[in-house]
Amino acid sequence: MGDSPAVPAFARLFSPLRLGPIEVRNRIVSSGHDTVMAADGRVTDRLVAYHEARAAGGVGLIVVQVAGVHPSARYTSSILMADDDSCVDGLSRLAAVVHAHGASIVQQLFHDGRELMESGDGTLPVALAPSAVPNERFHVMPRAMPLPLVREVVASYGDAAARVRAAGYDGVEVVASHGYLPAQFLNPRTNLRDDEYGGSPQARLRFLREVLAEARRGTGPDGCVGLRVSVGELSPDGLTEDEVLGALAELDADGLVDYVSVVAGTSETLAGSDHIVPPMGTPTAYLAPIGRRVKQVVTVPVMIAGRIVAPQDAEAVLAAGDADATVMTRALIC
């Protein structure tokens with residue numbers, strides 16, 4: 001018998017992947033991460049060059065660092081903002097250079113809630129949250145959001161998504177990971193409300209469900225809507241794996257997301273924050289078992305992060321069926 005055809009190296013990793021209405025050219029993802037390259041809430045030449053290098057290098061999907069959807073979401077002085085139309089020009093420049101090199105681009109939409117770190121003038125402005133439950137790591141006591149403000153913030157996700165799409169992006173990614181505002185509403189230990197946004201699992205899910213519906217409204221039928229979520233915040237008062245899996249099953253049944261991006265941990269505690277950037281001693285692809293569990297409860301593609309530092313590791317994750325795409329942000333930086 002003749003020799004069988006050779007299987008291309010990393011055949012799964014370099015295969016295309018459909019995320020709702022868009023198709024990305026391969027399964028390598030540069031996830032949203034703070035570059036400290038934004039200025040005054042806007043895109044800079046440095047940020048454009050940074051992402052252009054990734055697109056030229058062949059990455060499939062670039063997820064741009066968080067953009068605040070509402071004035072109260074400005075949690076550091078280096079955050080991008082998408083809370084008014086002045087953001088569109090800068091975002092357009094970023095989208096254009098990424099698309100010119102054949103990569104897809106998605107923008108993270110964000111509200112920190114009580115996870116407030118700093119402000120431009122050194123003061124600590126008022127933090128907002130579902131309920132007045134303090135943050136351990138930053139020693140923040142937030143104000144409970146009145147109902148009209150909750151609705152205003154929900155609507156701001158849709159408005160921000162529309163601006164992102166006007167800038168030419170392929171879609172948006174709602175950040176519900178790491179203990180930020182959507183996760184605070186979901187968590188029964190940080191959401192003590194007794195109105196329609198609290199008091200039962202369905203009511204606690206309402207905020208995130210409405211935010212995703214707004215993001216879908218803003219992106220329109222041709223835009224992608226992703227969800228980044230910590231499947232287990234790994235802190236005493238954090239969301240548990242089972243709580244998040246239950247929420248994901250419901251959101252998937254509603255058809256509200258085109259993909260789920262899986263991480264772990266929370267900004268709330270020092271222990272939980274280790275999982276935002278796992279240290280070198282953390283095992284390679286350590287979230288693969290969690291990715292497998294997420295794939296059992298959702299029908300959309302799943303991408304995982306967590307110390308996937310070489311293409312061999314990524315290919316093994318995909319071959320095992322633990323995820324459909326792999327986040328390799330620090331490998332791309334290197």
Side-chain angles (χ1 to χ4, degrees), residues 12-32 51 54-55 58-67 69 80 82 87-88 91-110 154-177 182 208-229 247-262 291 294-295 297-305 318 323-327:
R12 294 177 183 85
L13 186 61
F14 287 102
S15 64
L17 176 64
R18 179 152 290 277
L19 303 175
I22 72 168
E23 183 175 271
V24 298
R25 63 182 171 183
N26 62 51
R27 299 171 187 236
I28 302 170
V29 179
S30 175
S31 62
H51 285 300
R54 273 144 194 73
V59 68
L61 176 65
I62 291 176
V63 184
V64 178
Q65 68 197 68
V66 298
V69 298
L80 285 173
C87 71
V88 173
L91 295 177
S92 297
R93 288 200 297 132
L94 194 49
V97 298
V98 168
H99 283 150
H101 294 285
S104 303
I105 184 169
V106 162
Q107 175 65 58
Q108 286 190 324
L109 300 183
F110 176 79
V154 166
S156 73
Y157 279 85
D159 296 340
R163 295 180 187 110
V164 167
R165 285 286 286 152
Y169 276 62
D170 300 297
V172 299
E173 180 179 282
V174 171
V175 178
S177 62
L208 181 52
R209 181 176 265 138
E210 291 182 354
V211 160
L212 289 167
E214 278 291 310
R216 180 71 70 193
R217 172 186 68 80
T219 57
D222 299 326
C224 172
V225 176
L227 174 64
R228 188 165 228 215
V229 63
L248 287 175
E250 293 207 35
L251 296 172
D252 183 74
D254 291 343
L256 288 173
V257 296
D258 294 315
Y259 71 84
V260 177
S261 180
V262 173
V294 173
K295 282 185 65 64
V297 302
V298 302
T299 58
V300 296
V302 172
M303 53 188 71
I304 65 166
L318 299 173
D324 303 289
T326 50
V327 171

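- Looking at R12, its side chain never comes within 3.5 Å of a backbone N or O of L318 through a donor-acceptor pair.
- Note: R217 CZ to E214 CD = 4.0 Å, rounded to the nearest 0.5 Å.
- The residues D258 and R216 are annotated as salt-bridged, a charged nitrogen and a carboxylate oxygen being separated by less than 4.0 angstrom.
- A donor and an acceptor atom, one from each side chain of E173 and Y259, are located under 3.5 Å apart.
- Put simply, the side chain of V300 reaches to within 4.5 Å of the side chain of V260, judged on heavy atoms.
- Applying side-chain contact (heavy atoms from CB on, under 4.5 Å) to F110 and the options V66, L80, V69 leaves one that passes, V66.
- A donor-acceptor pair is defined here as one N or O able to donate and one able to accept, closer than 3.5 Å; such a pair exists between the side chain of R27 and the backbone of D324.
- Two residues are said to be in side-chain contact when any heavy atoms from C-beta on lie closer than 4.5 Å; I28 and L13 meet this criterion.
- The backbone N or O of P21 sits less than 3.5 Å from a side-chain atom of R18, completing a donor-acceptor pair.
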Using the side chain to side chain contact (heavy atoms under 4.5 Å, CB included) rule, take D170 and S104 through it: C-alpha gap first, then chi angles, then the decisive distance, then the call.
CA-CA 6 Å; D170 300 297; S104 303; 3.5 Å; yes
Determine whether E250 and R209 satisfy the following criterion, side chain to side chain contact (heavy atoms under 4.5 Å, CB included), listing intermediate values before the conclusion.
CA-CA 9 Å; E250 293 207 35; R209 181 176 265 138; 3.1 Å; yes
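- Residues I304 and V327 fail the side-chain proximity criterion, which asks for heavy atoms closer than 4.5 Å.
- Shown here for L208 and P182, the closest heavy-atom pair between the two residues is CD1-CB, 4.1 Å.
- Note that CG of L61 and CD1 of I105 are 9.0 Å apart. Values are rounded to the nearest 0.5 Å.
- Screening T219, L109, V106 for a side-chain contact (heavy atoms from CB on, under 4.5 Å) with V164, the sole residue that qualifies is L109.
- The minimum heavy-atom distance linking G168 with H99 is given by the pair O-CE1, 3.0 Å.
- In terms of heavy atoms, I62 sits closest to A55 at CD1-N, 3.8 Å.
- Residues V229 and L248 have side chains in contact (heavy-atom distance under 4.5 Å, counting atoms from C-beta outward).
- Between A215 and V174, the shortest heavy-atom contact is CB-CG2, 4.0 Å.
- Across every non-hydrogen atom of V63 and Q108, the tightest pair is CG1-CG, 3.5 Å.
- The two residues G32 and R228 have their closest heavy-atom pair at O-NH1, 3.9 Å.
- At distances below 3.5 Å, at least one donor-acceptor pair connects side-chain atoms of R25 with backbone N or O atoms of V59.
- With rounding to the nearest 0.5 Å, the separation of CZ in R163 from OG in S92 is 13.0 Å.
- Between L94 and Y169 there is a side-chain heavy-atom pair separated by less than 4.5 Å.
- Listed for the D254 side chain is no donor-acceptor partner under 3.5 Å among the backbone atoms of L256.
- The distance from the OG atom of S31 to the CD atom of Q65 is 11.0 Å, given to the nearest 0.5 Å.
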